[in-house]
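From a predicted model like this one, the values you see are computed outputs, not experimental measurements.
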Amino acid sequence: MPTLAGTLERIVFRNQETQYTVARLAPDARGRLFREELVTLVGVLPGVSVGELLEVTGEWESHPQHGRHLRVSSFVTHAPVTAAGLRRYLGSGVIRGIGPKTAERIVAHFGEQTLAIIELEPERLEEIKGISASKRQQIVNGWAEQRDIREVMLFLQEYDVSPSLGTKIYRQYGKQSINVIRENPYLLERDIRGVGFKTADALAVHLGLPRDSVPRFMTGLKHVLSELASADGHCYLPKDDLLMRAAALLDVAPEQLEPALEQLLAEKEAFAQDDHIYLAPFFYAENGTARRLRLILNAPSPLPPVSARAWAKTFAALEQERGIHLAERQKEAVRTAYTAKVCVLTGGPGVGKTTAIRALLDTLDAQQVSYVLAAPTGRAAKRMAEATGRPARTLHRLLEFQPNANDFAYNERRPLPHQFVIVDEVSMLDILLAYRLVKALAPETHLLLVGDADQLPSVGPGSVFADIIASDVIPTVRLTELFRQARESAIIVTAHGVQAGVMPSLQPKATSDFFFMRAEEPLAAQRLIVDIVARRLPARYGFDPKRDIQVLSPMYRGPVGVVALNDALQARLNPAAAAATITYGDHTLRAGDKVMAVRNDYDKGPNGVFNGDLGRVVEVLRETNQLAVEFSDEAGAFTVCYETHELDELTLAYACTIHRAQGSEYPCVVLPLVNQHYLLLQRNLLYTAITRAKQLCVLVGDPRALRRAVENDAVASRNTGLAERLQGPVLAGIHEEERAITARHEIEQASGKPR
């Protein structure tokens, strides 16, 4: 990497929060190509000031509008030594309390000894006219803050920590950063987003911490439990499996980890039950969810009773006044939901779940019962509101998430003020959010859980919906009859056939809403998909390729994986020459791009931006190096800004994984199926993908891959215990433990990583 040394002449832009900086450097004689040349620097440059001597290392880049610049990866600063340099340095505002005129007087009085005086004899500053004791203290405090930042950054750069990560560390720990890292660098994984175990472990090794230290082993064990929760949805691991995996990660023998595991258990950071090891949040959540559901299930109902004759009149009135004709199974669903304190309503597309819900809502209105509708995501809540004609909210909004406290306003002490709560798309509900929901319900509240049990499980840990149904403790109504209108849709008929193991017909029909297009080679499939999205479907059906068409893929890698498809579709639908571009590391986004949030950020927008939310880049703000993105939730559209260092919170979304499409519907879905996807070709994955399409579903690929997906009904099992806890005794007393559930781990580890 090239290295330059020189004097910082000007700061063009600086984001005070992130320290992203655009600056101009005057190289010393060795680095100059021309006598008056100034070099543009861009990057995270915390604490640098005009007049300082800088030594920077980075990579040269060229921008079509802004020309050549050096993107800084590391830097070292030196205080100026000349009187002129000192005047510019102090006059730049680097130290609170010193402006240009004060800087002129101080340097005129102390000359080249100015910084030594501020550091070692600050009381002498009062020799300068206009500097009082309080002003002197302000200058001393400002100098100390700058010194702390410098010390931390220099310390971290010795261990190859990037300036951007160094800024996050300093913002978290302040002047205690060095002490915290020296004592236990593994705290970085817990406290700072973007720091994983390998980063913290490498820093620990650099610092000379023993490879067999207990803190290292404890962090490794927790890391394995967190990773398996995020990647595979496990709430626990068998003890032997945990020790084996952690031993491989830490490069030690499994038996060496026993003392560290015992300490984790003693400190209640993990729990053991029947040789199953849980991280504390998942242990508390599983027990608490079972406890609260059983409490609600067995509590008396406040709803007025409805006799059999009254039910008959209710259903007759619905048919006469609202045109809602219910099949017998739907009537059973309405009656069960009304009478049971907790009830599950499940079934595939076209079987009348929404009609049953609308009938239930009319009944609740007639009985003057207060109710509320909710769903795990904004898109699912919006769909629910459109289908029922009633307002619906996200669960986070319903429970009033408070970002500053990392907690919800509604809980056991302050339950929701509704007699009836209906939650849709419950298959998306992970164990942590499920616990938050049931904690916020008063014992007398009714709860209806609605979803499709045949879809994929939640992205987060747990199998809440499947476990509740499997327990046989909660009354469950499964709707199976396809209604006439649904039978006319090839999408719905095909989805139900796939779920039954029936291979779809590959013969195209001009009037069908389901097609299969053959392309056996992955690269050929990629080219065909791009052409279908960009040209064929818009021409034939009038679909907007960005707004109406969603490409879904079973995996990230390969020519028809999410990454390659996004690159190909971006190049075709939003080429670089036609749109302003912003780049940060491997991330390149353009105005007009379709994007998706991949991490929860509760501070953005009126109600936060959530993992999986779709948005559109509306503007690249060159002046501030920000990206403006428009999202929408159940309340409408809103625009938020992302700093450059936050671009890893967004990803292109022309294509996304099937998991990320849960809870959403799109006018048109295009799905690649090739033999490269062999390990992921499963029936529930294909079923979920097909059922995301409202008007048209196009499968592209190899018929053998399609057959593999239809025939493979194996479901990846998750290590969960909710069903057993609902059936058996729930551990007492654990609901008093709140610290692990409200810990940052819950938000960052459980729901922020892509699938």
Side-chain angles (χ1 to χ4, degrees), residues 344-358 360-361 371-401 421-434 436-437 440 447-460 462-466 468 495 547-548 550 552 596-598 600 602 605-615 631-638 653 656-667 669 684 687-694 750-751 755:
V344 167
L345 174 60
T346 187
V351 297
K353 294 193 301 294
T354 299
T355 301
I357 293 170
R358 287 168 54 203
L360 173 65
L361 296 177
Y371 58 84
V372 66
L373 280 62
T377 68
R379 285 174 292 165
K382 189 174 182 180
R383 282 180 54 209
M384 191 182 193
E386 291 169 351
T388 63
R390 272 86 163 184
R393 312 178 207 173
T394 63
L395 286 171
H396 278 79
R397 194 172 184 186
L398 173 67
L399 303 178
E400 294 187 3
F401 183 75
V421 175
I422 302 172
V423 183
D424 198 8
E425 296 289 354
V426 181
S427 63
M428 300 178 67
L429 201 60
D430 65 40
I431 190 63
L432 296 170
L433 189 54
R436 293 297 202 171
L437 168 65
L447 175 64
L448 174 61
L449 302 171
V450 184
D452 187 343
D454 295 321
Q455 285 190 27
L456 292 169
S458 59
V459 173
S463 298
V464 174
F465 199 47
I468 287 175
R547 185 186 64 241
D548 300 328
Q550 184 62 53
L552 304 179
M596 178 182 288
V598 296
N600 292 344
Y602 303 101
N607 301 296
V609 173
F610 296 92
N611 187 3
D613 284 353
L614 282 175
F631 292 99
S632 64
D633 60 14
E634 71 275 24
F638 59 93
C656 70
T657 62
I658 298 167
H659 261 103
R660 285 198 173 277
Q662 282 179 271
S664 301
E665 281 186 345
Y666 312 97
V669 164
N684 64 345
Y687 172 81
T688 301
I690 293 172
T691 55
R692 300 308 90 206
K694 291 173 64 178
S751 57
R755 291 288 299 272

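With sequence neighbours excluded, the residues forming a salt bridge (Lys or Arg N to Asp or Glu O under 4.0 Å) with D454 are R478, listed by chain and number. In this structure R383 satisfies the salt bridge (Lys or Arg N to Asp or Glu O under 4.0 Å) test together with E425, E665, sequence neighbours excluded. With sequence neighbours left out, F610 forms a ring-ring contact (aromatic ring centres under 6.0 Å, His included) with H396, Y602. Here R390 pairs with D362, D365 under the salt bridge (Lys or Arg N to Asp or Glu O under 4.0 Å) rule; sequence neighbours left out. Scanning for side chain to side chain donor-acceptor pair (under 3.5 Å) contacts around S664 gives R379, with sequence neighbours left out. Scanning for salt bridge (Lys or Arg N to Asp or Glu O under 4.0 Å) contacts around E400 gives R414, with sequence neighbours left out.
The minimum heavy-atom distance between L449 and I468, with the atom names listed, is CD1-CD1, 3.8 Å. Here the shortest heavy-atom pairing between G451 and D424 reads N-OD1, 4.4 Å. Minimum interatomic distance between Q662 and L456 (heavy atoms only, all atoms of both residues): NE2-O, 2.9 Å. Heavy-atom minimum distance, L552 versus Y666: CD2-CE1, 4.5 Å. V423 and A375 make their closest contact through CG1-CA, 4.5 Å (heavy atoms, listed as atom of the first residue, atom of the second, distance). In plain terms, the two heavy atoms of A356 and L345 that are nearest each other are CB-CD2, 4.3 Å.
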Exercise for the section: Please report the C-alpha distance between T346 and V426 in whole Å, then the side-chain angles of each, then the deciding distance to 0.1 Å, and finally whether the side-chain contact (heavy atoms from CB on, under 4.5 Å) criterion is met. Expected result: CA-CA 10 Å; T346 187; V426 181; over 6 Å; no
Exercise for the section: Mind running side-chain contact (heavy atoms from CB on, under 4.5 Å) on D452 and Y687 for me, showing each step along the way? Expected result: CA-CA 11 Å; D452 187 343; Y687 172 81; 2.5 Å; yes
Practice task
For V344 and F465, run side-chain contact (heavy atoms from CB on, under 4.5 Å): C-alpha distance rounded to whole Å, both residues' side-chain angles, the deciding distance at 0.1 Å, then the answer.
Solution key: CA-CA 9 Å; V344 167; F465 199 47; 3.7 Å; yes
Practice task
Please test K353 against V450 for side-chain contact (heavy atoms from CB on, under 4.5 Å), starting from the C-alpha separation and ending with a verdict.
Solution key: CA-CA 8 Å; K353 294 193 301 294; V450 184; 4.2 Å; yes
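To the nearest 0.5 Å, the span separating CD1 on I357 from CG on L448 amounts to 6.5 Å. In this structure, the separation between CZ on R660 and OG1 on T377 is 12.0 Å, given to the nearest 0.5 Å. Atom OG1 of T354 and atom CZ of R358 lie 8.0 Å apart (nearest 0.5 Å). Taken to the nearest 0.5 Å, the CG atom of L433 stands 9.0 Å off from the OG1 atom of T394. Taken to the nearest 0.5 Å, the SG atom of C656 stands 6.5 Å off from the CG atom of L614. In this structure, L361 CG and L373 CG are separated by 5.5 Å, a value rounded to the nearest 0.5 Å.
Although no hydrogens or angles enter the test, the distance criterion places a donor-acceptor pair under 3.5 Å between the side chain of R692 and the main chain of T688.
Two residues are said to be in side-chain contact when any heavy atoms from C-beta on lie closer than 4.5 Å; S458 and L429 fail this criterion.
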